[in-house]
There are 2 protein chains.
Amino acid sequence: MTPDRLSGILSALADPTRRAILARLAEGETSVTELAEPFAMSMPAVSKHLKVLERAGLIARGREAQWRPCRLEAGPLREVSDWLDHYRRFWDESLDRLEDYLQALQKGDPGGTPS
Amino acid sequence: MTPDRLSGILSALADPTRRAILARLAEGETSVTELAEPFAMSMPAVSKHLKVLERAGLIARGREAQWRPCRLEAGPLREVSDWLDHYRRFWDESLDRLEDYLQALQKGDPGGTPS
DNA sequence: GGGTTAAATAACCAAATAGTTTAGTACTGC
DNA sequence: GCAGTACTAAACTATTTGGTTATTTAACCC
């Protein structure tokens, strides 16, 4: 039950094989056979991964003779980035520690040290 | 078979319930019961979601009398952001179209129009 | 100690996922 | 048309996931 777009994108990304495929495609368009080459799995398995990436909008496939060149479609990654933006303010640890320190100071804690 | 950290984080995020939990925790620490309240599912189901988030390092749980207050731990989100950074250059669509336009110009295409 | 509240665990189930092998489709080139 | 190449689809299997209800643990209060 994950009908929403962002969940589809994130679960497509939540697999090391699929992320490796995207990394390869960042270097340029290529065929399925070449994409499959580094992996210890069958072609149909790779084909399935590509279908997952395609449904998430992360790749597009063309037609060129008997090859199906894949290329990266990074638009959905921006959606992930936009979602992450809501949390940027939380993940700077040094900022967190500074905050703790300032709160400690306000409470008059003499031993409060920022590290 | 997803032993790597980033996959664990991304699959934890690839569920709308869990993202809603994180959104709630962004407003501040709270109890499991309160976290569960907006969802049409049992407490144990929420408890399982929390375990997934905890294993991914996205939340931490304390102890306060009979309550187990949860708080956001956004560190792992930075790892996602760092991974995304490798793709930032791809996802600006207008930049893509500009690139296409410039390539069309180079090939001497007279109908090449940037939109 | 006994009752109540908060939460986790256990045991179970259905559906989705990630892989396999086998078979089929689509195009090339002789 | 036929053999070969590149890929997809189908059918099957094992594991994981996301949910359920019933039970247990842990702390509070009287």
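All chains are named by letter (A, B, ...) in the order of the sequence lines, taking the proteins before the strands, and each is independently numbered beginning at 1.
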Engineer: Quick check on the helix from C:dG1-D:dC30 to C:dC30-D:dG1: what's the angle between its two end axes, five base pairs per end, to the nearest 10°?
Structural biologist: 20°
Engineer: Using only heavy-atom distances, determine whether the side chains of B:T30 and B:R71 contain a donor-acceptor pair under 3.5 Å.
Structural biologist: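 Note: B:T30 and B:R71 side chains miss the donor-acceptor criterion.
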Engineer: Find the distance A:D15:CG to D:dT17:C1' and express it as a whole number of Å.
Structural biologist: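 Going from A:D15 (CG) to D:dT17 (C1'), I get 15 Å.
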Engineer: Ignoring the backbone of B:S42, work out which of D:dT21, C:dT20, D:dA27 is nearest its side chain.
Structural biologist: D:dT21
Engineer: Between protein and nucleotides 2-15 of chain C, map the contacts as a letter string: B base, S sugar-phosphate only, - none, heavy atoms under 4.0 Å, written 5' to 3'.
Structural biologist: ----SBSB-B----
Engineer: Just verifying a value: how many Å separate A:L53 CG and A:D15 CG, rounded to the nearest 0.5 Å?
Structural biologist: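 The CG atom of A:D15 is 8.5 Å from CG of A:L53, to the nearest 0.5 Å.
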Engineer: Atom CG of B:L53 and atom C1' of D:dT17: how far apart are they, to the nearest Å?
Structural biologist: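 Rounded to whole Å, this separation is 14 Å.
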Engineer: Round to the nearest Å and state the distance from A:E64 atom CD to C:dT28 atom P.
Structural biologist: 11 Å
Engineer: Measuring only between side-chain heavy atoms, which start at C-beta, is B:T33 closer than 4.5 Å to B:W67?
Structural biologist: no
Engineer: Of the options D:dT20, D:dA27, C:dA18, whose atoms approach the side-chain atoms of B:A65 most closely?
Structural biologist: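 So the side chain of B:A65 is nearest to D:dA27.
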Engineer: Give a yes or no on whether the backbone of B:R78 and the side-chain of A:Y87 come within a donor-acceptor separation of less than 3.5 Å.
Structural biologist: no
Engineer: Is there a side-chain contact between A:L22 and B:W83 (heavy atoms, below 4.5 Å)?
Structural biologist: yes
Engineer: Just to confirm, is there a sub-4.0 Å distance from OP1 or OP2 of D:dT17 to any side-chain nitrogen or oxygen of B:H49?
Structural biologist: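 Negative; the distance criterion is not met.
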Engineer: Tell me whether A:R18 contacts the main-chain N or O of A:S11 through its side chain, where contact means a donor paired with an acceptor under 3.5 Å.
Structural biologist: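 Side chain of A:R18 to backbone of A:S11: a pair is present.
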Engineer: Would you call A:L10 and B:R19 a side-chain contact if the rule is heavy atoms closer than 4.5 Å?
Structural biologist: yes
Engineer: Under 4.0 Å, heavy atoms only, any strand: does B:A45 hit a base, just the sugar-phosphate, or nothing?
Structural biologist: base
Engineer: Find out whether A:V80 and B:L13 are in side-chain contact, i.e. whether some heavy atom of one side chain is under 4.5 Å from a heavy atom of the other.
Structural biologist: no
Engineer: D:dA27 phosphate, OP1 or OP2: any side-chain N/O from B:R63 under 4.0 angstrom?
Structural biologist: yes
